[in-house]
Amino acid sequence: PSLATTFLDLPLTNPLMNASGVWCSVASQLEALLESESGAMVTKSCTLEPRDGNPEPRYRVLDGNKPWGSINSMGLPNEGFPYYLRYTERHDYETKPLFISISGLTLDDNLAMVDSLKDAVTPAILEVNLSCPNVPGKAQLGYDFDAMDTLLAEVTSGYGQRQLGVKLPPYFDIAHFDEAAAILNRYPSVAFVTCINSIGNALAIDINSESVIIKPKDGFGGLGGDYVLPTALANVNAFFRRCPEKAVIGCGGVKSGQEAFLHLLAGATLVQMGTALYEEGPGIFARVKAELLSIMAQKGYENLSDFQGKLKTL
Ligand SMILES: C=Cc1c(C(=O)O)[nH]c(=O)[nH]c1=O
């Protein structure tokens with residue numbers, strides 16, 4: 001079987017990549033992703049200026065006797081937009097496609113970054129993060145439909161209708177799937193949606209210390225890992241059904257070939273890993289590739305297109 005695929009007409013050797021925010025904040029991590037067996041890679045969501053982010057501890061694996069996932073309230077730490085723009089100028093695009101993620105603190109900041117990217121004419125693919133749950137005082141755009149609509153109108157126009165994508169928060173109400181998709185479908189240059197970002201504002205508590213386990217926001221943070229897989233699959237399939245002209249990138253709960261297969265079956269074209277990559281490192285891509293190939297072989301599938309988006313209903 002083959003894992004070869006295409007995304008926005010670009011050839012990829014396989015559909016696996018990192019989730020923005022994990023193993024992608026500094027050049028050494030980005031170089032490790034380039035060297036890894038991922039089919040593509042994305043940078044940490046950036047703001048116009050560098051940010052330290054929230055006080056530590058700000059990321060924890062939720063152990064119990066076996067990690068079921070992670071909780072994070074990083075607070076958008078990043079090296080600032082110019083750093084990542086410079087990286088896009090020296091990336092080796094022959095090896096694999098690069099996505100650049102932006103998460104401006106204001107609409108003007110997002111537009112300034114989009115304007116620079118448009119002028120840079122870089123092959124990097126823009127993913128606009130509408131779903132950061134951890135910047136205190138900032139309601140995430142993905143849950144404010146009017147603000148999301150305004151941002152998309154301004155950003156697609158500012159980017160000269162060049163193809164771009166958005167990173168969405170999880171939705172939990174069918175009416176919200178409908179409303180978000182209706183807005184997105186009014187912007188043809190939004191060529192893909194990445195579902196999902198972490199499930200915002202979970203609370204992990206340790207029974208021995210009788211305390212929360214991350215410092216920021218009284219312990220509230222974004223939930224990732226096994227816990228979020230069914231919600232991630234629902235969001236991938238909901239937008240796959242509602243946005244036939246767009247590609248869906250699946251993110252959430254992927255730690256092996258099994259979950260990658262499920263995301264592809266639900267309609268994802270590419271599949272991102274966050275928590276599992278954070279814990280295992282970039283070697284995970286070789287493992288998950290082998291597992292996905294093995295599942296395809298067992299099922300008699302030659303190519304991803306043999307099952308991609310072909311989820312059955314009862
Ligand atoms: C960009 C900020 C994000 C962060 C963060 O930097 O706190 N954590 C997430 O789980 N998702 C985000 O989108």
Side-chain angles (χ1 to χ4, degrees), residues 17-26 29-30 41-62 67-81 83-84 99-107 109-110 113 126-144 147-148 151 155 165-171 193-204 212-229 231-232 235 249-254 272-279:
M17 63 184 288
N18 66 303
S20 177
V22 183
W23 221 285
C24 59
S25 296
V26 294
Q29 294 173 326
L30 292 165
M41 55 190 273
V42 59
T43 59
K44 165 68 182 173
S45 295
C46 64
T47 45
L48 210 45
E49 308 294 331
R51 275 174 66 89
D52 290 337
N54 290 335
E56 296 181 331
R58 58 192 187 183
Y59 170 92
R60 277 278 180 277
V61 179
L62 305 181
W68 289 100
S70 65
I71 188 166
N72 91 84
S73 185
M74 311 303 281
L76 199 39
N78 73 95
E79 303 294 320
F81 174 70
Y83 182 96
Y84 301 103
F99 292 69
I100 177 169
S101 172
I102 66 171
S103 186
L105 296 176
T106 65
L107 176 57
D109 282 6
N110 273 318
M113 292 188 276
L126 174 59
E127 183 182 85
V128 182
N129 187 345
L130 305 181
S131 42
C132 180
N134 299 320
V135 180
K138 300 273 308 163
Q140 53 171 298
L141 277 161
Y143 290 152
D144 179 340
M148 181 164 101
L151 175 127
V155 160
V166 292
K167 176 74 169 284
L168 296 175
Y171 298 102
V193 296
T194 304
C195 301
I196 60 174
N197 207 316
S198 53
I199 295 181
N201 297 299
L203 183 62
V212 303
I213 64 174
I214 56 172
K215 188 175 177 75
K217 294 174 52 177
D218 293 330
F220 285 69
L223 191 63
D226 298 4
Y227 292 112
V228 311
L229 179 65
T231 295
N235 279 262
I249 299 181
C251 185
V254 181
Q272 298 183 345
M273 288 189 278
T275 301
L277 169 61
Y278 193 113
E279 295 305 311

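Both counts, for ligands and for their atoms, begin at 1 and track the order of listing.
Side-chain contact check for Asn54 and Lys217: no donor-acceptor pair (N or O, by modelled atom type) lies under 3.5 Å. Side-chain atoms of Ser45 and Asn78 form no donor-acceptor pair, as typed in the model, at a separation below 3.5 Å. A donor-acceptor contact closer than 3.5 angstrom links the side chains of Thr194 and Glu127.
Put simply, CG on Asp109 and CZ on Phe81 are 11.0 Å apart, with the number rounded to the nearest 0.5 Å.
Using a 4.0 angstrom heavy-atom cutoff, Gly75 counts as in contact with ligand 1. In this structure, Ser45 has a heavy atom closer than 4.0 Å to ligand 1. Heavy-atom distances between Lys44 and ligand 1 reach below 4.0 Å in at least one pair.
For ligand 1, the atoms closer than 4.0 angstrom to any heavy atom of Asn134 are 4 (C), 5 (C), 7 (O), 8 (N), 9 (C). Counting atoms of ligand 1 from 1 in the listed order, those under 4.0 Å from a heavy atom of Asn197 are 9 (C), 10 (O), 11 (N), 12 (C), 13 (O). Near Leu76, meaning under 4.0 Å from any of its heavy atoms, are these atoms of ligand 1: 1 (C), 2 (C), 5 (C), 6 (O), 7 (O).
For atom 8 (N) of ligand 1, the closest non-hydrogen atom on the protein side is Asn72 OD1, 3.0 Å. At the top of the distance list for atom 2 (C) of ligand 1, counting protein heavy atoms only, stands Cys132 SG, 2.6 Å.
Ring orientation note: the planes of Tyr59 and Tyr278 are close to parallel, at an angle under 30° on the 30°/60° scale.
Tested against Val42, the residues Asn18, Ile249, Leu30 include a single side chain to side chain contact (heavy atoms under 4.5 Å, CB included) partner, Asn18.
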